[in-house]
Structure formats: structure tokens, C-alpha cells
Asks: 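The structure under discussion is supplied below as C-alpha cells; questions concerning it will follow.
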Amino acid sequence: MALAAPNILGHPRLGLVFSKRNVRLAVERNRLKRLVRESIRLTQHDLPAVDIVVLARRGAGELDNETLHRQLHGMWRRLDRDVRKTNALNHESADSPRTGKAPE
RNA sequence: GGAGUUGGCCAGACAGUCGCCGCCGGAGCGAUCCGGGGGAGGAAAGUCCGGGCUCCACAGGGCAGAGUGCCAGGUAACGCCUGGGCGGCGCGAGCCGACGGAAAGUGCAGCAGAGAGUAGACCGCCUACGUCUCCUCCGGGAGGCCGGCAAGGGUGAAAGGGUGCGGUAAGAGCGCACCGCGCGCCUGGUAACAGUGCGUGGCAAGGUAAACCCCACUCGGAGCAAGACCAAAUAGGAACCCCAAGACGUGGCCCGCGUCGGGUUCGGGUAGGUCGCUCGAGAGCCGUGGUGACGCGGCUCCUAGAUGAAUGACUGUUCUCGACAAAACCCGGCUUAUCGGCCGACUCCCGCC
């Protein structure tokens, strides 16, 4: 799961929350963090300027690399789409919602 | 060929591209860039012991508390390791053992059973001694009382050495022989301990000490969030200098009384940062002493150091298709998890020559 909010840095920024409670083994936690970082690294230029916090749900450690990459890629696409949509709305209403939420 | 015991080792490999964290060299005022090289484990785990290191405490001794517990050796130290002893398991190679003390004291133990601890008498055996009754062929016999015994049966996880002979009323280490046991000596061994050794004791009072306890030995506390250094903003403090005028409160007002300033420097200290942080009881090879753990000497090598915490992703080739699992100050152990593979030594069984 990921949470996102616009920032003023001009580029995306990543936060990671992988609790011992949801991912028991240190090996799995490190692997997940590496995969998320790698995914962001490869797609950072296509992402809007938002702060993203990625959280692990219980059982995330059991997914293999290929599945995770696919899911992350899909998540970034939907995030980009949602941000574009809210920006368009903002231009119309000049109002700025603080949080855009990307689904899982 | 099969079954097994034991010691050690490995933990996918190679190439390319893009990344992450240190280090070295170069360029740049700098941000940073370029090049080179390094980057998780045998258990990094559990945090159960031991030590180094750091800070705190400390004249000496005792008590309390905790731990350890056959002997010798190894080690910085250990609850670890090696060798040995004893006991147990296994045909064997081997494996397992908190393995000091129960005649210092206290405590604890369901059921069964007469009795479970200064032992005991249900069944049973005996009637010698003392005494009573009856019978008598006058030798004695039968029965009772008072009693004796613990061999046999029975209970139990466990009932106060075992076997045999003597002995006796019946019995009993009551006596003897052998076996076992205790104690002393001798011999071997550094010792634990062992002995077909010599002598001695009739045998000496169950179990439990991971129950209290006794004996011997060991142990100060806290931990890298230890500890050291640099050091904003804000608030407060100290010293010196400046102004000694003004502001505020009290009051109708003045006097009076109370409170307050500005600057510089310094010290403590928070955020933040730096160090501690990896060259070490270090690794490899060779030699050497030792049964071994291990020690000594020589040569060579430098081998993670992060701080939200770094090893990955993708592609290709290949194999036996990859288990358990991530350093956080360091090291020595123990314990636990683990797909599979390789090497050495040994044991038992079967077959063939």
C-alpha cells in the first residue's frame, strides 16, 4: 500500500515503512526495500513531484520479485494518472486538496 | 554392495548493463564528476555463558547473594575445548552423563502393605526356657498362657548384603567359606582412580542435595543509547563595561518604595554533527613442540563499517536448479534453524577372488 501527497521539491520523494510485525525476517524486509527503491529509481523521471510512503501489508514478504515489480509499476501508473486528474481539477477550482491517495 | 559412526569443507558459477555504501588517486572554490578497488554468515540468529574496551565505585576483612562441581591440561577467560577416570547404552566404530557430600542437621514421598525408617509381624515357623491343664506304659505326649523367630509366602519402585554349610526349639553374620562392601596399608598412576595385592571390620542405620543445607572454588556495577569532542536557535546563569537617564507598578500628585536595561566575553548544555568504528586474543602458507586441545617461530596478506541502516535489478550462458537466514563495538564458546553436495578416517553385515 502507498500514501502520497504533493511536495514542492520538483521531484518525487520516497518513504518506506516495513514493520517487523508485518514482515518478520530481516532478509525479507531488506529485499522489499531494495525492490521498491529500484522501482522508484527506474521510474522517477516519469513520476510527479509527490511524497510517497510505501507500507508493507502482512504477507508482502511472500511475494516474488516479478510480482512485486508488476504491482509497483501498476501503482506508479495509477498514481501518475490520479495526480494529473487532481491537477486538472485544481486548475478549474483553484482549490488544493492536500492528499491524493493511490490505491494498492 | 548394503547399513552405520566420526572429523573437516562448500553454501550456485561466469559475463554484460544500470544502481547503493565506504576507501584510494585525480579534477574543481564548491556542489560534484572521472578512474581504480572493496562490500554480510556458518550460523550474521537466540542473547545463554566468558573476555577485551569504556565509564562509575573501591583501605582491608567478613556476611549475604549468584554461579560452578570426577581428575589433569589448554586458554585472555569460560558453564567452552582436549586427554584421562568412573557409570550407563550399543555386536562394534562410537555415543551419553550438574559425575562432591545422605553416620552434621532439617524436610519430603500417592497407592498397596503388618511394617517406608531409633524398622516391622498379616499368613507362617517354633514351644527350648517359665507356668497351667489333661493323658501316661512314668520314658514322655497333647493343648493353652507368657513368649521366641524373620527362613518361606504375600505388598510395593524400594523391605536392613548374596550363595552354601554349620548351628538352633525355630531362626538370625550367630559362626565359617567364597563373592560383594567399608576402612587402613602397599603397588601403579601427576591426579581422578585402579589392583588376582596384604590386613582388618560381621556389614555400620533405604531414596531424594536441578529440596533446604554442608564443603571447595569463582564472581564489584553498568553497558557503544558505553564514553569523548565540536556546537546553533531559544531560555536562563556568571564576570566586566556602558547608562546612571528612562520605562512600568503603587498613589489624585510630588517625594518615597518595588521591578526592569544595553553591550562584550565566558562556562554548562539542547537540536545537529564528529570520533569511538575496525590492524585484530586477525587470516593464509610453511616449519616446529605436544597423544590432543593448543603453543612457538618465519614469510605473506589487509579482508564490510552502514546509521532508516548499503550487496540489488534486468539480460544471457551454464549446472546437480540453490536450504536456513542479514553485520550494528569487537572477539572466544554454547544452543537452535538448515535443501543439498564434496573430502578423510573408522565399524558391522553380505557376496566374490
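Because the structure is a prediction, the values reported are computed rather than measured.
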Asks: Please classify the glycosidic conformation of G22(B) as syn (within 90° of 0) or anti (everything else).
Replies: syn
Asks: I'd like the C1' distance from C279(B) over to U300(B), given in whole Å.
Replies: 15 Å
Asks: Between G344(B) and A66(B), how many Å separate the two C1' atoms, rounded to a whole number?
Replies: 46 Å
Asks: Strictly by Watson-Crick or wobble contacts shorter than 3.5 Å, is anything paired with G50(B), and which nucleotide is it?
Replies: C331(B)
Asks: Does G42(B) adopt a syn or an anti glycosidic conformation, taking syn as a chi angle within 90° of 0?
Replies: syn
Asks: Could you let me know what C346(B) is paired to, Watson-Crick or G-U wobble, both distances under 3.5 Å, or none if it's on its own?
Replies: G4(B)
Asks: Calculate the interatomic distance between Leu35(A) atom CG and C20(B) atom C1'; express it in whole Å.
Replies: 13 Å
Asks: What is the base-pairing partner of C178(B), counting Watson-Crick and G-U wobble geometry with both distances under 3.5 Å?
Replies: G162(B)
Asks: Watson-Crick or G-U wobble partner for U17(B), using a 3.5 Å limit on both distances?
Replies: A313(B)
Asks: Determine which nucleotide pairs with G117(B), using a 3.5 Å limit on both distances of a Watson-Crick or G-U wobble pair.
Replies: none
Asks: In whole Å, measure the gap between the P atoms of G22(B) and C294(B) for me.
Replies: 39 Å
Asks: Distance between the P atoms of U68(B) and C81(B), in whole angstroms?
Replies: 15 Å
Asks: What residue among Arg78(A), Arg77(A), Arg84(A) forms side chain to side chain contact (heavy atoms under 4.5 Å, CB included) with Asp80(A)?
Replies: Arg84(A)
Asks: Taking syn as within 90° of 0 and anti otherwise, name the glycosidic form of U303(B).
Replies: syn
Asks: Taking the P atom in each of U318(B) and A45(B), what is the distance between them to the nearest angstrom?
Replies: 39 Å
Asks: Checking one value: the base orientation of G152(B), syn if chi is within 90 degrees of 0, otherwise anti.
Replies: anti
Asks: What is the base-pairing partner of C257(B), counting Watson-Crick and G-U wobble geometry with both distances under 3.5 Å?
Replies: G249(B)
Asks: Can you check the Leu32(A) CG to A326(B) P distance for me, whole Å?
Replies: 14 Å
Asks: When rounded to the nearest Å, what value does the distance between P atoms of A328(B) and U218(B) take?
Replies: 35 Å
Asks: Checking base pairs now: Watson-Crick or wobble, both atom distances under 3.5 Å. What partners C324(B)?
Replies: G41(B)
Asks: Taking all heavy atoms of Leu35(A) and all of Leu72(A), pick out the closest pair and write down the distance.
Replies: O-CD1, 4.2 Å
Asks: Using the purine O4'-C1'-N9-C4 or pyrimidine O4'-C1'-N1-C2 torsion, is A40(B) syn (within 90° of 0) or anti?
Replies: syn
Asks: In whole Å, what separates the C1' atom of G87(B) from that of C99(B)?
Replies: 8 Å
Asks: Write down the distance separating the C1' atoms in A233(B) and A271(B), rounded off to the nearest Å.
Replies: 9 Å
Asks: Does the structure show a Watson-Crick or G-U wobble partner for G30(B), both distances under 3.5 Å? Name it, or say none.
Replies: none
